[in-house]
Amino acid sequence: MRKFDDIIKNKLEGYEAPFDASAWSKLERSLDTVTGTNASGSNSFNLHLAAGVAATIVLTTIFTSLPNIEQKPPVVEDSDHSVPTEIIESTASSNTDAIEFIAQEVHLIDLGSAETVVEKSASNIAGTSENRTEEKQSGSSSDEAENMSSQTPKRIAENAQADFTAKGIQCAEHKVRFNANLDQSAKVTWMFDGLFVKDGLSAEHAFESAGTHEVRMIAEFTDNSKVVLKRDITIYEQPIADFDVAMNNSSECVLTDVILKATPSSNHYKWLMDGDSIGKGQTLQVRLKNGLHTVELVTINEAGCSAKDTYPIRVENGSEIFAPNAFSDNGDGLNDAWEVTGLENLRSFSLKITRVQSNSVVFETSTDAKWDGSINGTSERPVRGEQFTWVLSGTDECGNRIQQGGPISYSPTSR
């Protein structure tokens, strides 16, 4: 049995008593009363008992003074809002989904209880009738006939273990795979809704509509006896993914406002731009640079059935910022200096060029975006083939914040 002192030690480990002078003063007065200590220092009862009572008061004071401790939930970051390089800004509207539905994955589908029918072949039934006729003609008694019947071996279907499973996505127009589970060799035929027939130990079928559908598995064994299993499968409705695109074109804007709006419903929506996730909700507003972009909408309903709609859009009326990826000072009048063009539609900008090898800034400006290759305005020049990177940050006439960049290669006339 654990000692009282050890229990108290474990309880107090890691905690601190409150730093409150009045609480300790009150505790001292309580101890004087309990231990019976008077001015002369005499005790009124056993000191060991008093010490135990005092310890109880100490613990009560400490534990009632401890603050309440609540466990904070972990912070989870949503990776669905990553922004691809072509999209400078992405803003979801206020009507984003309150509940997020999760798309179904391929899974083992729960089927209804099986209804089993054992069938004998026509030849077996006829054979049984002939045996009974011969028994009657020979004058065999009913007891003898019953005894002979009990000695007749059962057909395979009567003893066989037969069942089947289904695996797939439980939504209309999605294929579901059915697999037979048999302990005897048999030829298997499948019937779906009494119309579609397929053969094999496994079969795939896509149900075109939502609802309850009938699946029959017919197993015919080597002695021509059969087992028919009937089960129901529930299929859920497939949602429709459909959306409209509206663009606010302006030649003064480097970025073009694009509004993506899905057909209203209670479904959950996810948007992708050029293969990257950009947001959720029925309506989404993005700002794009000029070029061809691919928008994809994924619509998911409460059952987890999902649909996709993909649509290409071309943005071409916005102003463009351009910079070459190489220049040389060979005097041919073509790219003798490195220069950014298309800045006339920017309210303000800052340009920074960095040396890749040393990661040091060699040129920085907010007025004239033209670089002749000099290192920080000195006579030092890059070596042939040396690599640099540029980053331009600014605001266009429409108030859009932009950031562009890329590599620069320097090819001097001679070295």
Chemist: Quick one: list whatever passes side-chain hydrogen bond (donor to acceptor under 3.5 Å, both in side chains) with T234, sequence neighbours left out.
Modeler: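 Partners of T234 under the side-chain hydrogen bond (donor to acceptor under 3.5 Å, both in side chains) test: none.
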Chemist: What do the steps show when you test F192 against F178 for ring-ring contact (aromatic ring centres under 6.0 Å, His included), and what is the final call?
Modeler: CA-CA 11 Å; F192 305 103; F178 297 87; 5.2 Å; yes
Chemist: Return the CZ to OG distance between F221 and S185, rounded to the nearest 0.5 Å.
Modeler: 9.0 Å
Chemist: Can you measure from CD (Q184) to CG (D223) and round to the nearest 0.5 angstrom?
Modeler: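 That separation rounds to 9.0 Å.
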Chemist: Going by the rule side-chain hydrogen bond (donor to acceptor under 3.5 Å, both in side chains), which residues pair with K198 if we only count those two or more places apart in sequence or in a different chain?
Modeler: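 Partners of K198 by the side-chain hydrogen bond (donor to acceptor under 3.5 Å, both in side chains) criterion come out as none, since no residue qualifies.
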Chemist: Between L346 and T395, is there a side-chain heavy-atom distance shorter than 4.5 Å?
Modeler: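 No, their side chains stay 4.5 Å or more apart.
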Chemist: Taking only residues two or more places apart in sequence or in another chain, which ones pass side-chain hydrogen bond (donor to acceptor under 3.5 Å, both in side chains) with D199?
Modeler: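 Counting only residues at least two positions away or on another chain, D199 forms a side-chain hydrogen bond (donor to acceptor under 3.5 Å, both in side chains) with T189.
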Chemist: Going by the rule side-chain hydrogen bond (donor to acceptor under 3.5 Å, both in side chains), which residues pair with Q170 if we only count those two or more places apart in sequence or in a different chain?
Modeler: H107
Chemist: Drop me the distance from S360's OG to F388's CZ, to the nearest 0.5 angstrom.
Modeler: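 Here the rounded value is 8.5 Å.
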Chemist: Among all residues two or more places apart in sequence or in another chain, which pass the salt bridge (charged side-chain N to carboxylate O under 4.0 Å, His left out) test with E386?
Modeler: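 Expected list: R355.
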Chemist: Would you mind checking if D244 and K261 are paired as a salt bridge, meaning a charged N to carboxylate O distance below 4.0 Å?
Modeler: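 Result for this pair is no, no salt bridge flagged.
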Chemist: Between atom CD1 of I233 and atom OG1 of T212, what is the distance when rounded to the nearest 0.5 Å?
Modeler: 10.0 Å
Chemist: Got a second to check how far K270's NZ is from I278's CD1, nearest 0.5 Å?
Modeler: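 Spacing of NZ (K270) from CD1 (I278) equals 13.5 Å.
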Chemist: Distance from I240 atom CD1 to T263 atom OG1, nearest 0.5 Å?
Modeler: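 Separation between the atoms: 8.0 Å.
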Chemist: Could you tell me if the side chain of V254 sits less than 4.5 Å from the side chain of N400, heavy atoms only?
Modeler: no
Chemist: Between W371 and F327, is the ring centroid distance below 6.0 Å?
Modeler: yes
Chemist: Can you tell me if CG on N376 sees more than 12 non-hydrogen neighbours from other groups inside 6.0 Å?
Modeler: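 Correct, the count exceeds 12.
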Chemist: Between W338 and P324, which heavy-atom pair has the shortest distance, and what is it?
Modeler: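 Heavy atoms only, the tightest pair is NE1-O, 2.7 Å.
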Chemist: What are the two closest non-hydrogen atoms of R381 and Y410, and how far apart are they?
Modeler: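 In this case the closest contact between R381 and Y410 is NH2-OH, 3.1 Å.
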Chemist: Using the benzene-type ring in the case of Trp, are the ring centres of F196 and H205 under 6.0 Å apart?
Modeler: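 Yes.
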Chemist: Return the set of residues passing ring pair (Phe, Tyr, Trp, His ring centres under 6.0 Å) with F243 (not counting sequence neighbours), or none when no residue passes.
Modeler: W271
Chemist: Which residues pass the ring pair (Phe, Tyr, Trp, His ring centres under 6.0 Å) test with Y311, not counting sequence neighbours?
Modeler: none
Chemist: So, for A162 and M217, which heavy atoms are closest and what is the spacing to 0.1 Å?
Modeler: CB-CE, 4.3 Å
Chemist: Kindly state each residue pair satisfying disulfide bond (SG atoms under 2.5 Å apart) with at least one member in residues 227-311, sequence neighbours excluded.
Modeler: C171-C305, C253-C398
Chemist: Identify, with sequence neighbours excluded, every residue that meets ring pair (Phe, Tyr, Trp, His ring centres under 6.0 Å) alongside H213.
Modeler: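 Checked H213 against ring pair (Phe, Tyr, Trp, His ring centres under 6.0 Å); matches are F207.
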Chemist: Can you pull the salt bridge (Lys or Arg N to Asp or Glu O under 4.0 Å) pairs that have at least one residue in residues 303-325, sequence neighbours excluded?
Modeler: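 Residue pairs with at least one partner in residues 303-325: E296-K308.
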Chemist: Surrounding CD of E105 (heavy atoms of other residues, nucleotides or ligands, distance under 6.0 Å), is the total greater than 12?
Modeler: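 Check fails, neighbour count at 12 or below.
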Chemist: Could you pull out the closest heavy-atom pair between P239 and A307, with the gap in Å?
Modeler: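 Taking every non-hydrogen atom into account, O-CB, 3.3 Å.
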Chemist: Taking all non-hydrogen atoms of both residues, which atom of V315 and which atom of K289 are closest, and how far apart?
Modeler: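 Scanning both residues, the minimum pair turns out to be CB-O, 3.6 Å.
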Chemist: Provide the full list of salt bridge (Lys or Arg N to Asp or Glu O under 4.0 Å) pairs with a residue in residues 161-189, sequence neighbours left out, each pair given once.
Modeler: D163-R231, R177-E204
Chemist: List in chain and number order the residues that pass ring pair (Phe, Tyr, Trp, His ring centres under 6.0 Å) with F164, two or more places apart in sequence or in another chain; answer none if no residue qualifies.
Modeler: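 With neighbours one apart ignored, the set is W190.
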